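These figures come from a predicted structure and were not determined experimentally.
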Amino acid sequence: MSVDLKRPYDPENIFAKILRREVPVQIIYEDEYTLAFPDIAPQAPVHVLIIPKGPYVSSADFGAVAKDAEIAGLARAITKVAEQLKLSGSGYRLISNTGPDAGQEVPHYHVHLLAGEKLSSKLVKKTSN
Ligand code: AMP
């Protein structure tokens, strides 16, 4: 089910549980502001989720409410993850689905990092519904 952007942050969402270590993941990167771990259903040879540790529902919420240090922290963490995974030369794609039209499913802001092959069209086709 898609995320309702009007709802408050749900502390029982799966990424909140991952942050509280209630659900185990392979940690790829962690710092004061950020956690990165593999997507459970990878859409590319490399598919990592990079999330802020703060309770933000979406990209919109994060951009409006997060402290500058958290925003900078996430941006720098993305670059560090890419460097750590040796993607700086070959490249990668960042996607952040926000709300129902984008098909956001987990109501905790996250950035998908996709890489490891020549990725298909940059635009995602409309679904029928
Ligand atoms: P989105 O559709 O942009 O909200 O993306 C949510 C992503 O979270 C999907 O790509 C899921 O495969 C991924 N996901 C859901 N549960 C887990 C989990 N326990 N560990 C890792 N990734 C997950």
Side-chain angles (χ1 to χ4, degrees):
M1 203 175 74
S2 288
V3 167
D4 180 348
L5 294 176
K6 294 187 216 75
R7 295 193 63 168
Y9 185 79
D10 172 11
E12 294 309 314
N13 81 75
I14 184 72
F15 293 172
K17 290 179 180 173
I18 287 171
L19 285 168
R20 293 195 298 267
R21 305 299 197 262
E22 292 166 14
V23 172
V25 290
Q26 176 209 334
I27 295 174
I28 290 177
Y29 175 85
E30 181 170 23
D31 65 23
E32 182 182 356
Y33 299 113
T34 315
L35 187 72
F37 52 90
D39 195 292
I40 204 168
Q43 304 290 313
V46 178
H47 187 170
V48 177
L49 298 171
I50 305 162
I51 70 172
K53 288 187 170 175
Y56 304 106
V57 172
S58 67
S59 166
D61 188 21
F62 186 68
V65 176
K67 295 190 182 85
D68 290 357
E70 294 176 283
I71 294 171
L74 185 74
R76 295 204 190 283
I78 290 169
T79 302
K80 285 179 186 164
V81 168
E83 284 172 356
Q84 188 179 307
L85 297 176
K86 304 194 187 321
L87 299 171
S88 306
S90 51
Y92 50 93
R93 182 174 295 163
L94 303 174
I95 296 175
S96 181
N97 297 313
T98 304
D101 277 3
Q104 182 184 357
E105 288 179 356
V106 176
H108 181 112
Y109 174 43
H110 51 282
V111 176
H112 298 256
L113 184 154
L114 299 148
E117 66 182 7
K118 198 93 179 162
L119 298 169
S120 60
S121 166
K122 291 184 183 178
L123 293 174
V124 178
K125 291 194 178 78
K126 283 185 175 182
T127 56
S128 49
N129 52 8

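- Looking only at side-chain heavy atoms (C-beta outward), Val57 and Arg7 stay at 4.5 Å or farther from each other.
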- Message: Between Tyr33 and Leu74, is the side-chain contact (heavy atoms from CB on, under 4.5 Å) condition met? List the steps.
- Response: CA-CA 7 Å; Tyr33 299 113; Leu74 185 74; over 6 Å; no
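- For the pair Val46 and Lys86, the minimum side-chain heavy-atom distance is 4.5 Å or more.
- In plain terms, the two heavy atoms of Gly103 and Ser2 that are nearest each other are CA-OG, 3.9 Å.
- For the pair Phe37/Ile18, a side-chain contact is recorded, criterion being any heavy-atom separation below 4.5 Å from C-beta on.
- Closest approach of Ile50 to Ala36, counting heavy atoms only: CG1-CB, 4.0 Å.
- The CG atom of Asp61 lies 10.0 Å from the OH atom of Tyr9; values are rounded to the nearest 0.5 Å.
- Listed here is the closest heavy atom pair of Ser88 and Glu83: OG-CG, 3.4 Å.
- The shortest non-hydrogen separation linking Gly116 to Pro45 is O-CG, 3.7 Å.
- Annotation for Leu5 and Ser58: closest pair CD2-CB, 3.6 Å, computed over non-hydrogen atoms.
- Rounding to the nearest 0.5 Å gives a distance of 9.5 Å between CD of Glu30 and CD1 of Ile51.
- Here the straight-line distance linking atom OG1 of Thr98 with atom NE2 of His110 works out to 8.5 Å at 0.5 Å rounding.
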- Test log, rule side-chain contact (heavy atoms from CB on, under 4.5 Å), inputs Glu70 and Lys53: CA-CA 9 Å; Glu70 294 176 283; Lys53 288 187 170 175; over 6 Å; no
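- Two rings, from Tyr56 and Phe62, have their centers less than 6.0 Å apart.
- Atom CG of residue Leu114 and atom CD1 of residue Ile95 lie 5.0 Å apart, to the nearest 0.5 angstrom.
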- Message: Could you go through Leu87 and Leu113, starting from their C-alpha distance and side-chain angles, then the distance that decides it, and tell me whether this counts as side-chain contact (heavy atoms from CB on, under 4.5 Å)?
- Response: CA-CA 10 Å; Leu87 299 171; Leu113 184 154; 3.6 Å; yes
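- You'll find the side chain of Glu105 stays beyond 4.5 Å of the side chain of Val3, heavy atoms only.
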- Intermediate values then yes/no, salt bridge (charged side-chain N to carboxylate O under 4.0 Å, His left out), Glu32 and Lys67: CA-CA 13 Å; Glu32 182 182 356; Lys67 295 190 182 85; over 6 Å; no
- Going through the distances and angles, do Leu49 and Val25 end up as a side-chain contact (heavy atoms from CB on, under 4.5 Å)? CA-CA 11 Å; Leu49 298 171; Val25 290; over 6 Å; no
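- The OG atom of Ser90 sits 10.0 Å away from the NZ atom of Lys118 when rounded to the nearest 0.5 Å.
- Hydrophobic clustering, with ILVMFWY side chains joined whenever heavy atoms are under 4.5 angstrom apart, keeps Leu119 apart from Leu94.
- By the 30° and 60° cut-offs, the orientation of the rings of Phe15 relative to His108 is perpendicular.
- Counting all heavy atoms, side chain and backbone alike, Tyr29 lies closest to Gln84 at CD1-OE1, 3.8 Å.
- Looking only at side-chain heavy atoms (C-beta outward), Ser59 and Gln104 stay at 4.5 Å or farther from each other.
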